[in-house]
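Read the structure below first, then the notes.
Atoms within a ligand are numbered from 1 in the order they appear, just like the ligands themselves.
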Amino acid sequence: MYLILLGAPGAGKGTVAKKLLTAVDAAHISTGDILRGNVAAGTELGRQAKSFMDTGGLVPDELILDMMKERLAEDDAQKGFILDGFPRTVPQAEGLGAILEELDIELTGVINIEVPEQVILERILSRRTCSNTDCQAIYNVKFKPPKQEDVCDLCGGKLIVREDETEQVVKQRLDVYDKNTSPLIAYYEAKGHLHRFPGESSDVIFDGVMELLKG
Ligand code: AMP
């Protein structure tokens with residue numbers, strides 16, 4: 001299964017990806033997670049990406065495409081992948097098309113998770129993320145609180161508000177999504193790859209994708 005998860009920040013792409021991984025053998029590839037790992041490790045890529053990330057902007061396409069060319073060529077991606085947070089611009093989608101052609105991989109589908117902006121804002125602003133970069137588990141103080149305040153249930157790491165999850169930066173990220181990423185809906189629709197799901201429940205999306213795979 002070679003899947004792209006599309007949707008605004010906070011639409012629930014990560015949650016849906018994790019649920020799908022309980023049923024299918026695929027690599028979960030989140031560009032946000034890879035970039036945060038690079039920032040934490042102080043790599044050259046992390047250094048170049050950090051200022052864009054902190055202000056809610058997009059990391060330049062060339063950096064992302066170089067990173068993904070390498071990542072998608074790794075062994076675990078050949079059996080299947082779920083792309084989460086990539087592509088985010090039309091040039092990235094075109095670059096991905098070329099990479100997949102080279103790897104002789106055909107996309108199974110693009111899942112567009114549709115959630116109203118007000119719901120997204122509320123969700124992100126009550127989100128907490130595990131600061132352990134090997135974990136990065138996500139909690140929500142309203143809907144999915146950790147057992148112990150500010151402590152990760154899975155690894156005991158400290159839970160934090162991500163620097164790019166303050167109200168001002170989230171609004172900026174939603175603007176960037178509208179301007180740069182939402183055109184991908186029409187892009188993949190024209191290719192006949194797009195499947196739309198209302199994002200209220202990850203269970204409904206899970207069932208829908210499973211149906212699609214049977215298809
Ligand atoms: P995410 O965790 O997917 O919301 O990503 C966090 C931040 O990483 C974004 O706000 C961007 O600054 C950067 N980022 C992640 N994926 C991409 C991408 N495909 N293209 C450009 N920037 C990205």
Side-chain angles (χ1 to χ4, degrees), residues 3-18 27-41 43-72 77 81-100 107 110-113 115 117 119-121 123-140 159-185 187-188 199:
L3 215 60
I4 294 175
L5 295 181
L6 212 58
K13 300 186 292 292
T15 308
V16 169
K18 290 200 173 96
H28 176 202
I29 304 180
S30 152
T31 40
D33 283 354
I34 301 175
L35 290 168
R36 280 184 290 279
N38 275 273
V39 171
T43 66
E44 176 60 19
L45 172 62
R47 201 188 54 71
Q48 289 177 305
K50 188 174 187 320
S51 60
F52 298 103
M53 296 171 74
D54 286 349
T55 52
L58 290 181
V59 175
D61 289 335
E62 312 80 68
L63 288 180
I64 296 288
L65 281 169
D66 283 350
M67 174 179 108
M68 288 306 280
K69 191 168 182 179
E70 230 171 78
R71 181 63 189 89
L72 288 167
F81 55 63
I82 301 173
L83 300 185
D84 165 1
F86 171 84
R88 249 177 163 99
T89 64
V90 170
Q92 286 184 21
E94 289 167 350
L96 173 63
I99 294 171
L100 295 184
L107 271 184
V110 178
I111 306 300
N112 189 40
I113 307 176
V115 184
E117 193 161 313
V119 176
I120 284 186
L121 259 178
R123 264 192 206 170
I124 300 193
L125 296 179
S126 52
R127 202 189 244 187
R128 300 292 177 274
T129 304
C130 179
S131 57
N132 171 3
T133 48
D134 291 331
C135 177
Q136 301 196 33
I138 293 172
Y139 298 84
N140 185 297
L159 301 185
I160 52 163
V161 175
R162 270 168 41 184
E163 276 184 49
D164 61 351
E165 290 186 346
T166 60
E167 184 157 358
Q168 190 195 0
V169 180
V170 170
K171 286 194 167 145
Q172 165 68 10
R173 287 168 68 203
L174 289 172
D175 282 349
V176 166
Y177 170 81
D178 281 340
K179 184 162 164 271
N180 299 287
T181 309
S182 67
L184 292 180
I185 298 171
Y187 178 90
Y188 283 117

* With distance as the sole test, does D33 use its side chain to make a donor-acceptor pair with the main-chain N or O of I29 at under 3.5 Å? -> no
I'd like a table of the close N/O pairs between ligand 1 and the protein (anything under 3.5 Å), one pair per line with both atom names and the distance.
residue: ligand 1; atom: 2 (O); partner: R36; partner atom: NH1; Å: 2.9
residue: ligand 1; atom: 2 (O); partner: R36; partner atom: NH2; Å: 3.1
residue: ligand 1; atom: 2 (O); partner: R162; partner atom: NH2; Å: 3.4
residue: ligand 1; atom: 3 (O); partner: R88; partner atom: NH1; Å: 3.1
residue: ligand 1; atom: 3 (O); partner: R88; partner atom: NH2; Å: 3.2
residue: ligand 1; atom: 4 (O); partner: R88; partner atom: NH2; Å: 3.1
residue: ligand 1; atom: 4 (O); partner: R173; partner atom: NH2; Å: 2.8
residue: ligand 1; atom: 12 (O); partner: G57; partner atom: O; Å: 2.6
residue: ligand 1; atom: 16 (N); partner: T31; partner atom: OG1; Å: 2.8
residue: ligand 1; atom: 16 (N); partner: G85; partner atom: O; Å: 3.4
residue: ligand 1; atom: 16 (N); partner: R88; partner atom: NH1; Å: 3.0
residue: ligand 1; atom: 19 (N); partner: G85; partner atom: O; Å: 2.9
residue: ligand 1; atom: 19 (N); partner: Q92; partner atom: OE1; Å: 3.0
residue: ligand 1; atom: 20 (N); partner: Q92; partner atom: NE2; Å: 2.9
residue: ligand 1; atom: 22 (N); partner: V59; partner atom: N; Å: 3.1

* Are any of the side-chain nitrogens in K50 or D54 under 4.0 Å away from the carboxylate oxygens of its partner? -> yes
* Over all heavy atoms of both residues, which pair between E165 and T129 is shortest? Give the atoms and the distance, please. => OE1-OG1, 4.1 Å
* To do: Please determine, by modelled atom types, if N180 and T89 share a side-chain donor-acceptor pair under 3.5 angstrom.
  => no
* Asked: Does any N or O in the side chain of R173 come within less than 3.5 Å of the main-chain N or O of D164, such that one atom is a donor and the other an acceptor?
  -> yes
* Is it true that K69 and D66 have a side-chain N and a carboxylate O under 4.0 angstrom from each other? -> no
